[in-house]
Amino acid sequence: MPEMLEVELYRQLADRATGRTITSVAVPDSRVLRGDVSVAGIRRALVGRPLTAARRRGKLLLLDTGDGGPTVGMRFGMTGGLVLDDHQAIDALVYGPAGFGRQWVRFGLHLAGRDGNDGGDLLLHDPRRFGRVVLDPDEDALGPDAATVTVAQLRHVLASRPSPSGRPAAGPPLKARLLDQSRLAGLGNLLVDEILWRADLSPRRPSGSLSGDDVNVLARRIRSTVAQLLRRGGSHTGDLMPERRAGGHCPKDGAPLTKSTVGGRTTWWCPQHQV
DNA sequence: ATTGTGGCCTGCCCGC
DNA sequence: TGCGGGCAGGCCACAA
């Protein structure tokens, strides 16, 4: 998906619809509901209710409704985008088709403004159909948000249960742990590669092998990288990104980058300084 | 129980 | 130009 930075931009856009009332719900492709609720059910739950807040946890966008209505949870998959009043939060996702296509709208809330006049539409635009809409998602199934992760929280994220033999397990690769949304919410493939590159840590390092200082530095790197790339405008604005390709070199020391699969995802890193 | 794998989907880009 | 293969910022069900 869009990672947490893109979803934060979606949240800021959706926040402009706070105070408007849902007058109808469009579900051109019911697969977006994943069987969690019927089209009729989601209409009953939402029509007539006001949007009261736009929140985010990790990559999950949360739209609260008033008058006892549910919270609408939106996940954006790999190519999902949010459109409000014909305004796109992200002009073109790096791995999605550029621009807007009416045929790629999978879900829509038609809105009325406070004065009762036409209040526009909030649309989920998702060519690849990996996005999902759910009612009242279990927010606590997600770990703490990466934007504000503390050292203590990160220590818990990286900790491994002792093995049956009693000795502490080395744990899965560091990158796999950072991508596990149930332990830490928000980081995706590009952000993790950028963060580990900045933190001088190999994505293959066993997650339980970090020293106290390592964890301290990594927590700071996560927060600062998230903040900086959000200011720059998204997950694809990292310093490693331009070199994340065949023949790419480390912007720090010029070493040829390594490409491999770690945590099930394509991973680029510098074998020279990431250890 | 944790961890790894395949599958879900579609569009784009590259090489033949 | 046309076509096939490989690839993609995520997540979920499933197997070991």
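Here is how names work: the chains are called A, B, and so on, in the same order as the sequence lines, proteins then strands, and each is numbered from 1.
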Self-check item: Gap between atoms NZ and P, on A/K259 and C/dC7 respectively (whole Å)
Solution: 6 Å

Quiz prompt | Which nucleotide in B/dT10, B/dG4, B/dC8 has an atom nearest any side-chain atom of A/F130 | solution = B/dC8

Self-check item: Protein-nucleotide distance (A/M74, atom CE; C/dC11, atom P), rounded to Å
Solution: 14 Å

Exercise. State which residues pass side-chain hydrogen bond (donor to acceptor under 3.5 Å, both in side chains) with A/R245; sequence neighbours excluded, sorted by chain then number.
Key: A/E243

Quiz item: Rounded to whole angstrom units, what separation is found between the CG atom of A/D126 and the P atom of B/dC9?
Solution: 12 Å

Self-check item: Shared-cluster residues of A/V275, by chain and number - hydrophobic side chains joined below 4.5 Å
Solution: none

Quiz item: Salt-bridged, A/D214 to A/R205, with N to O below 4.0 Å?
Solution: yes

Quiz prompt | A/D36/A/R132 ion pair, N-O < 4.0 Å | solution = no

Quiz item: What nucleotide, of B/dG4, C/dC11, B/dT10, holds the atom closest to the side chain of A/A176?
Solution: B/dG4

Quiz item: In whole angstrom, what separates A/D180's CG from B/dG4's P?
Solution: 10 Å

Exercise. Using the P atoms only, state how far C/dC7 lies from B/dT5, rounded to an integer number of Å.
Key: 16 Å

Quiz item: Would a 4.5 Å heavy-atom cut-off, applied to side chains only, mark A/F107 and A/D126 as touching?
Solution: no

Self-check item: Of residues 198-208 of chain A, the positions that come close to DNA chain C - non-hydrogen atoms, cut-off under 4.0 Å
Solution: none

Exercise. To the nearest Å, give me how far apart CE (A/M78) and C1' (C/dC11) are.
Key: 10 Å

Exercise. Would you classify A/G188 as touching base, sugar-phosphate or nothing, given that sugar-phosphate means primed atoms plus P, OP1 and OP2, and contacts are heavy atoms under 4.0 Å?
Key: sugar-phosphate

Self-check item: P spacing across the pair C/dC14 / B/dC9, given as an integer number of angstrom
Solution: 15 Å

Exercise. Please report, rounded to the nearest Å, how far the C1' atom of C/dC12 is from the CG atom of A/L179.
Key: 15 Å

Self-check item: N/O donor-acceptor pair, side chain A/R128 with base B/dC9, under 3.5 angstrom
Solution: yes

Practice problem: Ignoring backbone atoms, establish whether A/R177 has a side-chain N or O less than 4.0 Å from OP1 or OP2 of B/dT2. | Solution: no

Exercise. Fit a plane to each ring of A/H125 and A/W104, take the angle between them on a 0 to 90° scale, and name the class: parallel (under 30°), tilted (30 to 60°) or perpendicular (over 60°).
Key: perpendicular

Self-check item: Working for side chain to side chain contact (heavy atoms under 4.5 Å, CB included), residues A/D121 and A/L111
Solution: CA-CA 6 Å; A/D121 291 279; A/L111 305 168; over 6 Å; no

Self-check item: A/R183 vs B/dT3: side-chain N/O to OP1/OP2 distance below 4.0 Å
Solution: yes

Self-check item: Distance, rounded to the nearest Å, where A/M241 contributes CE and C/dA8 contributes C1'
Solution: 10 Å

Quiz item: What is the distance from CZ of A/R106 to P of B/dG11, rounded to the nearest Å?
Solution: 8 Å

Exercise. Measure across A/K59 and A/P2 and return the closest heavy-atom pair with its distance rounded to 0.1 Å.
Key: CD-O, 4.2 Å

Exercise. Respond yes when some side-chain nitrogen or oxygen of A/T266 is under 4.0 Å from OP1 or OP2 of C/dA8, and no when none is.
Key: yes

Quiz item: With both distances under 3.5 Å as the test, what is the Watson-Crick or G-U wobble partner of B/dC12?
Solution: C/dG6

Quiz item: Looking at B/dT3, C/dC12, B/dG11, which one has an atom nearest to any side-chain atom of A/P172?
Solution: B/dT3

